Amino acid sequence: MAELVGVYGSTHNPLLWRARGQDLDSTRAGFDRLRDRLARARPDVLVVVATDHLTQWFYDNMPAFLVGKAEHIPATFWNEEREFGLPYRELAGDAALARDLLGGGIERGVDFAASDAFRADHSVLLPLLYLTPELDVPVVPVFTNCMAPPLPGAARFFQVGQVLRQAIEDSPLERRVAVIASGHLATEVGGPRHFAGSPDPGFDERAVTWLAEGRVDEALAALTYDRLREAGNVSHQFLNFLVAMGVADGRPAVHAEGARSRFATSPFFEWEP
């Protein structure tokens, strides 16, 4: 039977890859801590909850939740190489576990879409470059729609996390599985607030507290589309951390922080499995 061995949350800001400076010390320390904790968990496979940035799915064809079930996953789009210096990589997938997540979700009322032919952008790759630098652990991406409204509500993200946990634990495969949610706190792209520090520090503080203290009901009530839009135009990707919170059955995080930098506040979370 598959075993859940860790639940984590990480930033995926692509500007971090080439950036240097003392203001990023706490961000680097956040990645270091998660890398060490993940190594101790010894996962056989990583389920990465991430969001495609309108690069392969757009308004005309946008799945709410999609399980990637390919054995080989090309990572990085050409514009990410050009703009952020991210390297092209090919990740190993775990199609067998992906099929179990897909079927387990459908059995429990989450009609995941699925794809055998897709590419992973920086929301998948950037955390892995820091957390598993050798990229030697197979990956099952679970893509969420945090970009093209109307978006699923906060409660649905949390429910998807609960269902993912059940599907993992019911899988007959011998796997040690870690879940990594990839997202943002308050973040703005474009305009005068573009990566100019956090556009809403108050939101960041409250959001970290919700997860640190397991305030599920408070978070679900507060995280409306409009409130997230007010925090910053890509802050909806914080919803991916509600998937991780659902995987953790709503328990308080054992570690929750927002590392401030000149770009935005970088989130790092960890839950006991």
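Note that the structure is a prediction, hence the values are computed from the model and not measured.
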So how far is it from [X] [atom1] to [Y] [atom2], rounded to the nearest 0.5 Å?
X	Y	atom1	atom2	result
Leu34	Thr11	CG	OG1	11.0 Å
Leu128	Asp136	CG	CG	10.5 Å
Glu270	Glu257	CD	CD	11.0 Å
Met1	Glu174	CE	CD	9.0 Å
Leu173	Asp100	CG	CG	4.5 Å

What residue among Val216, Leu223, Leu242, Leu220 forms side chain to side chain contact (heavy atoms under 4.5 Å, CB included) with Trp210?
Leu223
What's the verdict on side chain to side chain contact (heavy atoms under 4.5 Å, CB included) for Leu228 and Leu151, showing C-alpha distance, side-chain angles and the deciding distance?
CA-CA 11 Å; Leu228 286 162; Leu151 309 182; over 6 Å; no
Measure across [X] and [Y] and return the closest heavy-atom pair with its distance rounded to 0.1 Å.
X	Y	value
Val177	Ala2	CG2-CB, 4.3 Å
Phe203	Leu185	CE2-C, 4.4 Å
Arg262	Gly21	NH1-CA, 4.3 Å

Side-chain donor-acceptor pair present, Ser10, Ser182, cut-off under 3.5 Å:
no
For a quick check under 3.5 Å, do Asn240 and Thr51 share a side-chain donor-acceptor pair by atom type?
yes
Taking NZ, NE, NH1 and NH2 as the nitrogens, is one of them in Arg176 or Asp44 under 4.0 Å from a carboxylate oxygen of the other?
no
Are Phe143 and Val234 connected in the hydrophobic side-chain network, where two residues link if heavy atoms are under 4.5 Å apart?
yes
Phe268, Leu125: one ILVMFWY side-chain cluster at the under-4.5 Å cut-off?
yes
Given side chain to side chain contact (heavy atoms under 4.5 Å, CB included), test His53 with Gln237 step by step and report yes or no.
CA-CA 10 Å; His53 291 75; Gln237 292 172 81; 3.0 Å; yes
Any chance CZ of Arg33 has more than 12 other-residue heavy atoms, nucleotides or ligands included, within less than 6.0 Å?
yes
Are more than 12 heavy atoms, taken from residues, nucleotides or ligands other than Arg227, located less than 6.0 Å from that residue's CZ atom?
yes
Below 6.0 angstrom between ring centroids: does that apply to Phe241 and Phe157?
no
Are His184 and His236, when compared by the centres of their aromatic rings, separated by less than 6.0 Å?
no
Does Leu38 reach the side chain of Val137, with side-chain heavy atoms less than 4.5 Å apart?
no
Ring-plane angle category for Phe238 and Phe269, please: parallel below 30°, perpendicular beyond 60°, tilted otherwise.
perpendicular
One pair to check against side chain to side chain contact (heavy atoms under 4.5 Å, CB included): Gln162 and Arg108. What are the steps and the verdict?
CA-CA 10 Å; Gln162 292 177 306; Arg108 295 169 176 83; over 6 Å; no
Under the criterion side chain to side chain contact (heavy atoms under 4.5 Å, CB included), I'd like the reasoning laid out for Asp249 against Trp271: C-alpha separation, chi angles, the key distance, then a yes or no.
CA-CA 10 Å; Asp249 287 335; Trp271 290 263; over 6 Å; no
